[in-house]
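Remarks on the structure that follows.
Numbers restart at 1 for each chain; the letters A, B, ... are given by sequence-line order, proteins then strands.
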Number of protein chains: 2
Amino acid sequence: MGAPPPLSRRHPPRGGDTPLRPKPAATPDDAPPGGTGRGRITIAEVARRCGLSVATVSNALSGGGRMAEGTRARVRAAADALGYSASPAARGLRLRRSWTLGLVIPDIANPMYGEIARGAAEVLEAAGCHLLVASHDSCPERQARHVRNLLRQRVDGVILQPWSSRDEEVPAMVAAGLPLVLLARRHLSQPTDHVTIDPRAPLLEGLRHLAALGHRRIAITLMGGRASTSAEERLETYRGFMERQAGGPEEGLIVRLARADLESGRAAVPALLAARPTAIVASNDLLALGIREGLHAAGLRVPEDLSLLAVDDTYLSALPGVELTSLELPKRQIGEAAARLILERIAEPGRACESIVLPARLAVRRSTAPPRPAG
Amino acid sequence: MGAPPPLSRRHPPRGGDTPLRPKPAATPDDAPPGGTGRGRITIAEVARRCGLSVATVSNALSGGGRMAEGTRARVRAAADALGYSASPAARGLRLRRSWTLGLVIPDIANPMYGEIARGAAEVLEAAGCHLLVASHDSCPERQARHVRNLLRQRVDGVILQPWSSRDEEVPAMVAAGLPLVLLARRHLSQPTDHVTIDPRAPLLEGLRHLAALGHRRIAITLMGGRASTSAEERLETYRGFMERQAGGPEEGLIVRLARADLESGRAAVPALLAARPTAIVASNDLLALGIREGLHAAGLRVPEDLSLLAVDDTYLSALPGVELTSLELPKRQIGEAAARLILERIAEPGRACESIVLPARLAVRRSTAPPRPAG
DNA sequence: GCTTTTTGGTTAATCGTTTAATCATCTAAC
DNA sequence: GTTAGATGATTAAACGATTAACCAAAAAGC
């Protein structure tokens, strides 16, 4: 703990007295006595306290460089005695990273996506990253705007559940070298990392459940406009099943929707009823609840008049008085998987694209029952 | 549009040839031909394109400095021809701002807070800021951790719905000069900006509604542990009403809870039933739904056996089969008001603290009815 | 004892902006 | 024809961190 070494600087500190020395944004309320004026403790402060150069402190804290273990410990101690933490702006500038990721989802009001966000945030936080969440509400312009915003913000990567499988943002982001993970649908022309739910087995389980109850006229909703790989896979599975089990699919039973929330569920009821189904498979819980509301308004009861099968199994479908039969998706795991994928790609940008397929299982509740005898 | 001026540099560019010139983190996949390699267009690029100095470009884009209007326009054109946008890290470093705000809420799974976040995000986005959302799940340690994280991230301010009215983080943040807006409760010893709901009129309206139906034994739940200014105000209103209308308050009818979600609603049912109420006023929708579930499990029906009055009026309470009577809060507006407050304080740190009180109104649905004759 | 290697640091450049201070140049004034 | 003022752009110094290159002193090799 001797006096700091005399610092024999060989190079003079650049010119006797420099003429220009502005002091930008000199906050009037600067650090009081020795106050921790808003985390203003810089690495230089720590260096001064240790009688070392900032470079050494940086090395000590980052674990790099050769140095005496004693020094490293001393620096560490001083750093957290002062409550030092590196300025993200400064290291971001130098390292060209923001430690911030973007998550763009269809609907922030849907608890499904809340859970996904929670899973992703947890994994990212453990890796020292932050998550910016944005909801595009199934509006392509909003999606584009959010992506632009995130790019401006220089996020290190984006997790996106895209509106459709041919959104232009996707190839653009990949071309710009931005790590990208898609949720649910893939992109038609641009391979990317990707997390999805097995589109076949769980849906088949649901359809079999309905068929076992005696349903033959089963309607299904599909999301994502004309172009969604996940919707197409669902459709394929549905068609295959209907052909084998129920005298062929009928186009009127297939209803394509632009959004999957309460409102569009209510609005979809006339289209759904047109083909006189005895059961409906909805794309998610919220949509199912909207449909259910529309059915009630039309004087139809679930499941007495019509069975309803949802997807997601958020806590909504378990509420007393609601009790939807639903395909339970591993929501947290979806978020976690996406976060892990994007961290891996950031670490190793050249790797091949990976697709993670997660399972789902049927949670039978009270929205499905045998069809009315009168069909 | 002439050739770039000959740049008569009076000061030579420092030393014939500088010895040290490291190239940190030289990404192998550098900008291809003239590619926009991940938004890498810097202000220097724009300056070169215009034959101007970076300073001039900066001034032109920021609107500062004296300059020919023609130049300004030329720079603007070049900037968005190149798709330039300033690096947040660089300007953050220079300007000591991050253009990022933190929002710390009790429960991300509660749609109430989703709406608040949406409102806040909208106002902030318009001001060019971003929002980092974190959920403390009514756990003081999580709250402390999130606040620490946000400080490390150097957010420009925090919007917090604190766990209690004596959390240590609050005075600490104020002392550090960090703009702070509290939601719902105030802090006991530290004045701050603050957004809340009128704790009297709406609750009184709800209580009168129940009293008019014939209820005298009305239970109420209170959040925030022992110390929450909002809970105390609610309690005061409740006590006053009960004294006038219902033969004095009874301590057993007052139930204090640590968290307000489905799970703790279910768990609170025995405590709530102990004093044999005919109606229950729950602190929010989610808690009310949990209570409702617990009551169902105990063989009691709402509203036939017990009336239930919720607060928040999220879309949950409007679902068919749920239909809770609830106090409708202006959720979006809460978020918007908080965002505006924090922006104002950032702009003018010295101003006096402001408290914004928003109204609420009763949405009567089907969870309230006259008490059973057999009381 | 002199050179080489190792150890434990330091220096200076750099990331991309902003901005106070400065400076050329052109115009108006005396 | 100087001088003074405006005008319009430039210079260079920050902001706070990281890191390649360098270097002094101690240890090792011959």
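Taking both residues in full, the closest heavy atoms of A:Asp167 and A:Gln143 are given as OD2-NE2, 2.9 Å, listed atom of the first, atom of the second, then distance. Nearest heavy-atom pair across B:His146 and B:Ser135 is CE1-O, 3.0 Å. Annotation for B:His136 and B:Gln161: closest pair CE1-O, 3.0 Å, computed over non-hydrogen atoms.
Within 3.5 Å, no donor on the side chain of B:Arg91 pairs with an acceptor on the base of C:dT17, nor the reverse.
Going from atom CZ of A:Arg152 over to atom P of C:dG16 covers 18 Å, rounded to whole Å. For B:Asn59 and D:dT10, the CG to C1' distance is 11 Å, given to the nearest whole Å. A:Ile43 has its CD1 atom 19 Å from the P atom of D:dA14, to the nearest Å. Distance A:Leu95 CG to C:dA13 P: 20 Å, rounded to the nearest Å. What separates CH2 of B:Trp99 from P of C:dT17 is a distance of 12 Å, to the nearest Å. The separation between B:Arg154 atom CZ and D:dC15 atom P is 14 Å, rounded to whole Å. Rounded to whole Å, atom P of D:dA13 lies 17 Å from atom CG of B:Leu93.
Checked against C:dT18, D:dA17, D:dC15, the side chain of B:Arg96 finds its nearest nucleotide in D:dC15.
A salt bridge is defined here as a Lys NZ or Arg NE, NH1 or NH2 lying under 4.0 Å from an Asp or Glu carboxylate O, and A:Asp137 with B:Arg118 meets this definition. Look at B:Glu125 and A:Arg145 and you find a salt bridge, because one of the NZ, NE, NH1 or NH2 atoms lies within 4.0 Å of a carboxylate O, short of that distance.
There is no side-chain donor-acceptor pair under 3.5 Å between B:Glu354 and B:His194. Residues A:Arg154 and B:Ser85 bring a donor and an acceptor atom of their side chains to less than 3.5 Å of each other.
Of the two residues near DNA chain D, B:Ala90 and B:Ala55, the one whose nearest nucleotide lies more 5' is B:Ala55.
Recorded end-axis angle for the helix from C:dG1-D:dC30 to C:dC30-D:dG1 stands at 60°, based on five pairs per end and rounded to 10 degrees.
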Anything under 3.5 Å between a protein N or O and an N or O of nucleotides 6-9 of chain D, put it in a table, one pair a line.
{"from": "D:dG8", "atom 1": "N7", "to": "B:Arg66", "atom 2": "NE", "distance (Å)": "3.4"}
{"from": "D:dG8", "atom 1": "N7", "to": "B:Arg66", "atom 2": "NH2", "distance (Å)": "2.9"}
{"from": "D:dG8", "atom 1": "O6", "to": "B:Arg66", "atom 2": "NH2", "distance (Å)": "2.4"}
{"from": "D:dA9", "atom 1": "OP1", "to": "B:Thr71", "atom 2": "OG1", "distance (Å)": "2.5"}
{"from": "D:dA9", "atom 1": "OP2", "to": "B:Ala68", "atom 2": "N", "distance (Å)": "3.1"}

Donor-acceptor list for residues 45-56 of chain B side chains, cut-off 3.5 Å, not counting sequence neighbours:
{"from": "B:Ser53", "atom 1": "OG", "to": "B:Thr56", "atom 2": "N", "distance (Å)": "3.3"}
{"from": "B:Ser53", "atom 1": "OG", "to": "B:Thr56", "atom 2": "OG1", "distance (Å)": "3.0"}

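Shown are A:Leu182, A:Leu183, A:Ile159; of these, the side-chain contact (heavy atoms from CB on, under 4.5 Å) with A:Val195 is made only by A:Leu183.
Between A:Arg94 and D:dC15 there is no side-chain N or O to OP1 or OP2 distance below 4.0 Å. Contact check, B:Thr42 against C:dG16: no side-chain N or O comes under 4.0 Å of OP1 or OP2.
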